[in-house]
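We count ligands from 1, going down the list as the structure has it; atoms in each ligand are counted the same way.
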Amino acid sequence: MKTVLTSSPRKAARYILQGEVVAFPTETVYGLGANIFDEDAVKKIFKAKGRPKDNPLIAHISELSELPLITQTISPFAETFIQHFFPGPLTVVLPKSNYVPHIATGGLDTLGVRMPQNEFAQEFLKATGVPIVAPSANLSGKPSPTTWQTVEEDLHGRISCILKGKQTEVGLESTVVDCTKKFPIVLRTGAITLEQLQSVIPTTRLADARSSGLKKSPGTKYRHYSPEGKVILVVRAKDAIPFRNSAYIGLERHEELSAFRLGKVCTSIEEYARSLFLFFRMCDEKNIKTIHCQIVKETGLGLALMDRMKRAAAG
Ligand code: AMP
Ligand code: MG
């Protein structure tokens with residue numbers, strides 16, 4: 001299959017209307033989108049990524065008026081989250097409408113919905129005129145793509161079109177909050193922090209690993225975010241031992257930074273989050289066997305960053 005690269009959201013949208021899949025930038029990571037109502041197109045997403053069929057996709061909208069088409073009831077706290085955090089890196093899980101095919105939700109009766117704030121994403125979504133379901137635009141099991149070049153690395157020849165935008169601002173996938181229960185339950189942490197959600201709905205809690213919350217989110221049972229090399233979490237920079245085939249990333253400067261094959265010191269949690277997945281991919285390219293990641297405090301964005309690093313270390 002020929003993969004067309006374009007910087008025109010309108011041109012990319014035309015592929016959607018022809019039943020094809022398109023990779024596009026958002027503020028979180030690049031997504032691989034298809035028309036939510038076109039079952040054959042949605043199937044192409046799973047095929048291109050090698051994604052397990054029971055792993056749900058997220059619906060992306062550009063206008064709130066699209067919500068009643070794809071969801072049923074919107075709980076009062078979902079309304080509150082939408083008011084405060086749309087557009088932005090927050091996905092709300094709601095009961096799906098009958099128009100949404102089960103293939104898009106991994107067989108679930110619920111649908112995750114998000115309104116990206118990235119301008120390119122908005123232009124693209126508006127031009128398609130339909131809600132677009134999308135997972136991250138990587139091969140299943142690889143770290144999510146934060147640049148169009150990494151999308152191309154994984155999916156060249158497997159998809160019709162890549163909309164070329166900038167490196168994504170956040171660099172981690174969206175926060176996912178289940179709004180179908182008595183209380184909001186955070187299924188996946190992200191740039192909209194637990195503290196921000198609790199500031200508008202104080203009863204918001206994190207899903208506990210044994211709760212039904214996670215069973216409902218099949219995505220959480222698959223290996224995720226892992227590079228080929230072994231990820232080792234370190235408390236202090238000095239705990240990372242440089243040798244020929246190792247890397248270091250963290251907030252603290254390492255005294256022998258240049259002794260690593262690849263080393264990166266980030267000046268903020270935001271920069272660390274934005275850089276992590278690309279750093280993992282650069283390590284893979286250089287065939288680096290050991291990647292040291294300095295841990296951060298598990299508050300605010302640090303909670304999401306630590307989630308991804310722990311998963312990578314376990315993978
Ligand atoms: P991604 O893994 O980047 O493809 O983003 C999709 C992820 O969002 C899934 O793997 C799930 O973790 C989560 N998700 C999407 N829809 C739902 C849903 N209906 N219920 C629970 N989690 C969902
Ligand atoms: Mg993904």
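The minimum heavy-atom distance linking A237 with Y248 is given by the pair CB-OH, 3.3 Å.
The shortest N/O to N/O separation between N55 and ligand 1 falls below 3.5 Å. In terms of polar-atom proximity, K49 is not counted as a contact of ligand 1, lacking any N or O under 3.5 Å from an N or O of the ligand.
In the displayed structure, K47 atom NZ is contacted under 6.0 Å by at most 12 heavy atoms of other residues, nucleotides or ligands.
Close approach to G112 involves these atoms of ligand 1, each under 4.0 Å from a residue heavy atom: 16 (N), 19 (N). Of all atoms in ligand 1, numbered sequentially from 1 with element shown, those under 4.0 Å from a heavy atom of P135 are 4 (O). Every atom of ligand 1 is numbered from 1 in the order shown, and the set under 4.0 Å from a heavy atom of I58 is 5 (O), 6 (C), 8 (O), 15 (C). Within ligand 1, the atoms closer than 4.0 Å to a non-hydrogen atom of T110 are 18 (C), 19 (N), 20 (N), numbered from 1 in the order shown.
Judged by distance alone, with hydrogens and angles left aside, the side-chain atoms of K49 form no donor-acceptor pair with the main-chain N or O of K44 at under 3.5 Å. The backbone N or O of E152 lies less than 3.5 Å from no partner atom in the side chain of H156, so there is not a single donor-acceptor pair. Distance alone, capped at 3.5 Å, is enough to place a donor-acceptor pair between the R308 side chain and the E173 backbone. Remark: the backbone N or O of S75 is not paired with any side-chain donor or acceptor of E79 at under 3.5 angstrom.
For the atom pair L32 CG and R51 CZ, the distance stands at 9.5 Å (nearest 0.5 Å). Distance check, rounded to the nearest 0.5 Å: OG1 of T128 to CZ of F24 gives 9.0 Å.
At a 4.0 Å heavy-atom cut-off, ligand 1 touches L57 through the backbone alone. Contacts between L187 and ligand 1, counted as non-hydrogen atom pairs separated by less than 4.0 Å, involve the side chain only.
By the 4.0 Å heavy-atom criterion, R51 is counted among the residues contacting ligand 1. At least one heavy atom of L108 lies less than 4.0 angstrom from ligand 1.
When distances to the Mg ion (ligand 2) are checked against a cut-off of 2.8 Å, S140 contributes no N, O or S atom below that limit.
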